[in-house]
Amino acid sequence: MAPIGSTVELTASSDALVRARQRAALMPDLLIEARRVVTTVIAGWHGRRRRGTGENFWQFRPFVDGEQVARIDWRRSARDDSIYLRDREWEAAQTVWLWADPSPSMLYRSSYAQASKDSRALVIVLALAELLSRSGERVGYPGVIEPVSARNAAERIAAALLTRRPEVSFPPDDRLKRFSEVVIVSDFLDPVEELVEKVDRIGRRGIRGHLIQIADPAEESFPYSGRTEFRDPETGGKLTAGRAEALADEYRRLYAARREYLGEHCRRLGWSFILHRTDHLASEVLVAAHARLSGAPQLARTRA
């Protein structure tokens with residue numbers, strides 16, 4: 001049976017410079033792709049508009065008992081039998097931290113995928129930086145660049161990642177401040193207990209989170225059969241299966257169960273959880289992520 005996918009071996013310290021040059025050569029292409037993705041979904045958006053204090057009109061909405069009578073728009077209410085409030089847009093910029101998991105497992109790409117998980121994660125992060133900066137938000141990357149409110153936030157993040165992309169799978173939470181938001185793009189293949197503990201630690205600090213799980217289609221479908229050698233890209237460990245197809249049902253059950261558990265845990269915290277496969281368009285997950293950042297109603301998980 002021909003190999004379905006491939007992954008890069010763990011990089012030794014002597015090869016670090018080679019990895020850095022490979023990433024430097026790739027980053028401009030990823031930035032271009034991120035801009036292309038943003039262009040396909042930006043039409044009709046007007047930033048992450050929210051109710052609050054400000055001068056700009058946002059929307060009319062029905063009056064609810066207990067709200068301020070002074071905010072009733074009597075002219076709009078006179079058009080029918082309902083009473084409407086006039087909402088204004090919140091003008092304060094929000095801080096959004098972005099993070100793409102650089103773990104070795106993210107370097108996997110099967111023959112069914114359009115891109116590696118690492119490449120797709122970076123595209124999503126840069127696309128969100130581009131989109132959020134257009135909306136006037138403050139965007140940062142923990143341990144790499146402090147939040148900036150600038151139209152060229154995506155370029156700044158891309159340039160900073162060329163020389164100092166972190167090596168840990170989760171963002172350093174000491175950088176994250178209360179009332180900010182964090183978007184973490186990863187395959188989330190670490191032990192689920194560790195993932196939940198890291199999520200809880202961030203959530204306890206009053207930070208709203210959004211997890212985007214990147215999955216290669218082969219990781220979901222487990223299309224292996226016959227004698228197959230599996231290698232752990234994190235540890236280098238190997239497992240040889242004489243009949244890989246015999247493991248398929250149990251693997252799929254466990255894979256789906258841990259994902260459901262993580263998604264449900266996020267829902268209880270008020271976080272969003274989005275699934276994205278690398279054989280789908282990046283624009284799909286960008287639309288879903290923007291909806292979650294805009295405060296749209298969410299389910300326990302969203303597939304994009």
Side-chain angles (χ1 to χ4, degrees), residues 6-40 42 95-109 113-135 137-177 180-189 210-214 216 233-234 276 278 282-283 285-286 289:
S6 61
T7 187
V8 177
E9 295 285 355
L10 290 174
T11 303
S13 59
S14 60
D15 297 329
L17 181 58
V18 176
R19 277 282 295 276
R21 287 174 175 167
Q22 289 174 340
R23 195 166 298 283
L26 182 61
M27 188 62 68
D29 293 337
L30 293 174
L31 185 56
I32 292 171
E33 171 67 6
R35 283 177 171 160
R36 184 195 65 76
V37 169
V38 168
T39 301
T40 65
I42 192 65
T95 297
V96 182
W97 295 95
L98 303 173
W99 182 268
D101 182 1
S103 300
S105 65
M106 293 288 287
L107 298 174
Y108 179 75
R109 177 183 180 180
Q114 297 181 3
S116 70
K117 294 182 289 183
D118 177 71
S119 175
R120 182 57 57 84
L122 283 171
V123 166
I124 292 169
V125 161
L126 293 173
L128 284 173
E130 181 85 1
L131 182 60
L132 291 167
S133 64
R134 291 186 188 184
S135 303
E137 310 289 5
R138 301 175 70 245
V139 183
Y141 201 110
V144 175
I145 182 172
E146 291 298 309
V148 295
S149 180
R151 298 282 290 185
N152 66 341
E155 287 95 333
R156 293 191 185 188
I157 291 175
L161 288 173
L162 292 177
T163 57
R164 55 180 187 274
R165 189 176 182 190
E167 297 181 356
V168 292
S169 61
F170 241 67
D173 54 89
D174 60 318
R175 295 279 186 172
L176 310 181
K177 304 301 182 183
S180 62
E181 297 186 57
V182 59
V183 180
I184 304 173
V185 188
S186 170
D187 54 13
F188 299 114
L189 293 181
H210 310 273
L211 303 188
I212 300 177
Q213 183 173 25
I214 305 294
D216 188 280
E234 306 286 341
H276 177 68
T278 52
S283 55
V285 68
L286 184 59

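The figures here come from the full heavy-atom set of this structure, side chains too, leaving out hydrogens, waters and symmetry mates.
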Measuring from [X]:[atom1] to [Y]:[atom2], what's the distance to the nearest 0.5 Å?
X: Leu211; Y: Ser186; atom1: CG; atom2: OG; answer: 8.5 Å
X: Ser105; Y: Ile214; atom1: OG; atom2: CD1; answer: 11.5 Å
X: Leu98; Y: Ile145; atom1: CG; atom2: CD1; answer: 10.5 Å
X: Arg138; Y: Ser133; atom1: CZ; atom2: OG; answer: 13.5 Å

Are the side chains of [Y] and [X] in contact, using a 4.5 Å heavy-atom criterion?
X: His276; Y: Gln213; result: no
X: Pro166; Y: Val144; result: yes
X: Lys117; Y: Leu189; result: yes
X: Leu126; Y: Ile157; result: yes
X: Ile124; Y: Leu286; result: no
X: Leu122; Y: Arg165; result: yes
X: Gln114; Y: Thr278; result: no

Could you pull out all residues at least two apart from Phe188 that satisfy ring-ring contact (aromatic ring centres under 6.0 Å, His included)?
none
Under the ring-ring contact (aromatic ring centres under 6.0 Å, His included) test, which residues partner Trp97, sequence neighbours left out?
none
Please answer whether the main-chain N or O of [Y] pairs with a side-chain N or O of [X] as donor and acceptor at a distance below 3.5 Å.
X: Tyr141; Y: Ala100; answer: yes
X: Ser180; Y: Lys177; answer: yes
X: Arg156; Y: Gly140; answer: no

Please lay out, stage by stage, how Asp118 and Ser116 fare under the test side chain to side chain donor-acceptor pair (under 3.5 Å).
CA-CA 5 Å; Asp118 177 71; Ser116 70; 4.9 Å; no
Minimum heavy-atom distance Pro172-Pro142, with the two atoms named
CD-CB, 3.8 Å
Please report the closest heavy-atom contact between Pro102 and Ser169, naming both atoms and the distance.
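Closest pair (atom of Pro102, atom of Ser169, distance): CD-CA, 4.3 Å.
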With Trp99, the side chain to side chain contact (heavy atoms under 4.5 Å, CB included) member among Val183, Val185, Val168
Val168
